[in-house]
Amino acid sequence: MQKGADEAIAELAAQGIKVSYDWDAPPQADVVMHTQRLEDAIAKGPDVLIVSCLDAAADKPLIEEAQNRGIPVISFDTPCPDTSAEAFVGRYYYEEDGSDVANALAEAIDFQGEVAILAGSPGAANHQQRVAGFKKAMEQYPDIEIVAEEFDNDDIERAVNLTASMLQAHPELAGIFGANASAPVGAGRAIVEAGKQDDVVLIGMDDMPDMVSFVKDGTAHAMSVQNVPQIGYWSILYAVARSQDRPIPAIHDTGSLLVTQDMVDTYKD
């Protein structure tokens with residue numbers, strides 16, 4: 001995402017428009033830490049605030065506070081539903097991602113067996129929309145049963161431990177879906193530790209380096225990848241446009257792609 005943002009800044013610089021930004025990413029999905037970082041960002045008085053909502057209910061009053069101070073707010077990466085954020089840049093139709101992943105997993109396990117879900121963070125709208133799309137798609141496969149669902153809180157070590165417990169509790173488990181970037185990485189590590197690479201089909205979101213390696217070596221069947229550089233790129237361009245009182249779209253869906261082993265070396269080309 002920073003790569004895309006820096007590309008936009010370089011393009012703007014060539015036009016004589018100088019842009020600087022503070023990039024603040026908490027090390028883990030913690031609502032208290034997130035809101036503290038958001039408060040700090042508002043206190044700096046930026047021309048525009050760009051926020052990825054971890055918990056929309058917690059972020060809503062802070063978004064309103066920023067706007068009351070005259071700071072426009074754009075959301076990116078994770079939508080901020082039921083807030084007054086002016087625009088969103090990122091993958092918007094997350095249920096479609098969940099549906100695509102579910103159909104791919106169902107086919108990989110021959111449309112039968114037990115599956116489990118690592119559902120991300122309870123307050124993250126994109127995680128829960130992916131899960132909703134996954135469950136809805138799985139309803140069309142009567143021989144597939146969802147036997148476990150746990151919140152991993154976008155924490156790799158928690159995902160490792162939850163997956164290990166799922167594998168023990170459900171020895172016939174055929175597939176696992178990770179609804180965020182950390183979940184499939186943790187699940188993959190637990191699957192390898194248990195020697196279950198040939199028994200459990202893993203599928204999940206995003207292309208963290210470990211997940212790319214898991215798709216390459218077959219530990220994971222596929223990963224649903226957002227066009228992340230474009231999120232950073234358009235967030236900067238729209239922020240500049242908004243600071244100049246020019247109109248910006250309410251939603252810019254940057255899309256996603258389901259990447260399998262045969263695509264993993266070329267999907268970024």
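By convention here, the first residue in the shown sequence is residue 1. Given the structure is predicted, the values throughout are model-derived calculations rather than measurements.
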Using the rule given for side chain to side chain contact (heavy atoms under 4.5 Å, CB included), can you reason through Ile74 versus Ile248, listing the C-alpha separation, both sets of side-chain angles and the distance that settles it, and then say yes or no? CA-CA 10 Å; Ile74 296 172; Ile248 59 176; 3.8 Å; yes

Rounded to the nearest 0.5 Å, how far does [atom2] of [Y] lie from [atom1] of [X]?
{"X": "Ile156", "Y": "Asn161", "atom1": "CD1", "atom2": "CG", "result": "12.0 Å"}
{"X": "Glu7", "Y": "Leu12", "atom1": "CD", "atom2": "CG", "result": "10.5 Å"}
{"X": "Leu49", "Y": "Ile42", "atom1": "CG", "atom2": "CD1", "result": "6.0 Å"}
{"X": "Ser213", "Y": "Asp207", "atom1": "OG", "atom2": "CG", "result": "11.0 Å"}
{"X": "Ile9", "Y": "Ile236", "atom1": "CD1", "atom2": "CD1", "result": "4.5 Å"}
{"X": "Tyr141", "Y": "Leu105", "atom1": "OH", "atom2": "CG", "result": "9.5 Å"}

Applying a strict under-4.5 Å side-chain criterion to I, L, V, M, F, W and Y, I'd like to know whether [X] and [Y] cluster together.
{"X": "Val212", "Y": "Ile176", "answer": "no"}
{"X": "Ile17", "Y": "Tyr238", "answer": "yes"}
{"X": "Leu237", "Y": "Ile231", "answer": "yes"}
{"X": "Val185", "Y": "Val264", "answer": "yes"}
{"X": "Phe134", "Y": "Leu257", "answer": "no"}

Nearest heavy-atom pair of [X] and [Y]: which atoms, and what distance?
{"X": "Ala183", "Y": "Gly178", "value": "CB-CA, 3.6 Å"}
{"X": "Val160", "Y": "Glu193", "value": "CG1-OE1, 4.4 Å"}
{"X": "Val89", "Y": "Trp234", "value": "CG1-CB, 3.8 Å"}
{"X": "Ala174", "Y": "Ile109", "value": "O-CG2, 3.5 Å"}
{"X": "Pro184", "Y": "Leu202", "value": "O-CD2, 3.4 Å"}
{"X": "Val51", "Y": "Leu38", "value": "CG2-CD1, 3.9 Å"}

Taking the side chain from [X] and the backbone from [Y], do they hold a donor-acceptor pair closer than 3.5 Å?
{"X": "Arg189", "Y": "Glu157", "answer": "no"}
{"X": "His127", "Y": "Ser121", "answer": "yes"}
{"X": "Gln128", "Y": "Ala119", "answer": "yes"}
{"X": "Gln67", "Y": "Ser84", "answer": "yes"}
{"X": "Arg130", "Y": "Asp97", "answer": "no"}
{"X": "Ser182", "Y": "Asp154", "answer": "yes"}
{"X": "Gln168", "Y": "Ser165", "answer": "no"}
{"X": "Ser243", "Y": "Val240", "answer": "yes"}

Are [X] and [Y] side-chain neighbours, meaning at least one heavy-atom pair lies under 4.5 Å?
{"X": "Asn180", "Y": "Asp206", "result": "no"}
{"X": "Pro122", "Y": "Asn153", "result": "yes"}
{"X": "Asp6", "Y": "Tyr21", "result": "yes"}

Note: Glu95-Lys136 ion pair, threshold 4.0 Å (strictly below):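 Answer for the salt bridge query: no.
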
Flag the pair Arg242 and Asp245 as a salt bridge only when some basic side-chain nitrogen lies within less than 4.0 angstrom of an acidic carboxylate oxygen.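 Salt bridge between Arg242 and Asp245, a charged N being under 4.0 Å from a carboxylate O: yes.
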
Looking at residues at least two apart in the chain, or sitting in another chain, which of them share a salt bridge (charged side-chain N to carboxylate O under 4.0 Å, His left out) with [X]?
{"X": "Glu96", "result": "Arg91"}
{"X": "Asp82", "result": "none"}
{"X": "Glu65", "result": "Arg69"}

Would Leu173 and Lys196 count as a side chain to side chain contact (heavy atoms under 4.5 Å, CB included) here? Give the steps. CA-CA 10 Å; Leu173 195 66; Lys196 291 271 191 174; over 6 Å; no

Donor-acceptor side-chain pairing of Asp77 and Ser52 below 3.5 angstrom: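 A donor-acceptor contact under 3.5 Å links the two side chains.
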
Verdict with supporting geometry, Leu118 and Arg158, side chain to side chain contact (heavy atoms under 4.5 Å, CB included): CA-CA 10 Å; Leu118 291 170; Arg158 180 171 170 80; over 6 Å; no

If you count every heavy atom of other residues, nucleotides or ligands that lies below 6.0 Å from [X] atom [atom1], does the total exceed 12?
{"X": "Asp198", "atom1": "CG", "value": "no"}
{"X": "Gln15", "atom1": "CD", "value": "yes"}
{"X": "Glu107", "atom1": "CD", "value": "no"}

Just list the side-chain donor-acceptor pairs under 3.5 Å for residues 214-227, sequence neighbours left out, or say none.
| unit_1 | atom_1 | unit_2 | atom_2 | d |
| --- | --- | --- | --- | --- |
| Asp217 | OD1 | Thr219 | N | 2.8 |
| Asp217 | OD1 | Thr219 | OG1 | 2.8 |

For Cys53 and Ile63, run side chain to side chain contact (heavy atoms under 4.5 Å, CB included): C-alpha distance rounded to whole Å, both residues' side-chain angles, the deciding distance at 0.1 Å, then the answer. CA-CA 10 Å; Cys53 276; Ile63 290 172; 4.1 Å; yes

Check side chain to side chain contact (heavy atoms under 4.5 Å, CB included) between Pro27 and all other residues, then give those that pass, not counting sequence neighbours.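 Here the qualifying residues are Met33, Arg37.
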
Using a side-chain heavy atom cutoff under 4.5 Å and only I, L, V, M, F, W and Y, what cluster partners does Tyr92 have?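 Phe88, Tyr93, Tyr94, Ile251, which link up through side-chain heavy atoms under 4.5 Å apart, make up the rest of the cluster.
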
Looking at Asn103, Ile117, Ile144, which hits side-chain contact (heavy atoms from CB on, under 4.5 Å) with Met138?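 So the option named by the test is Ile144.
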
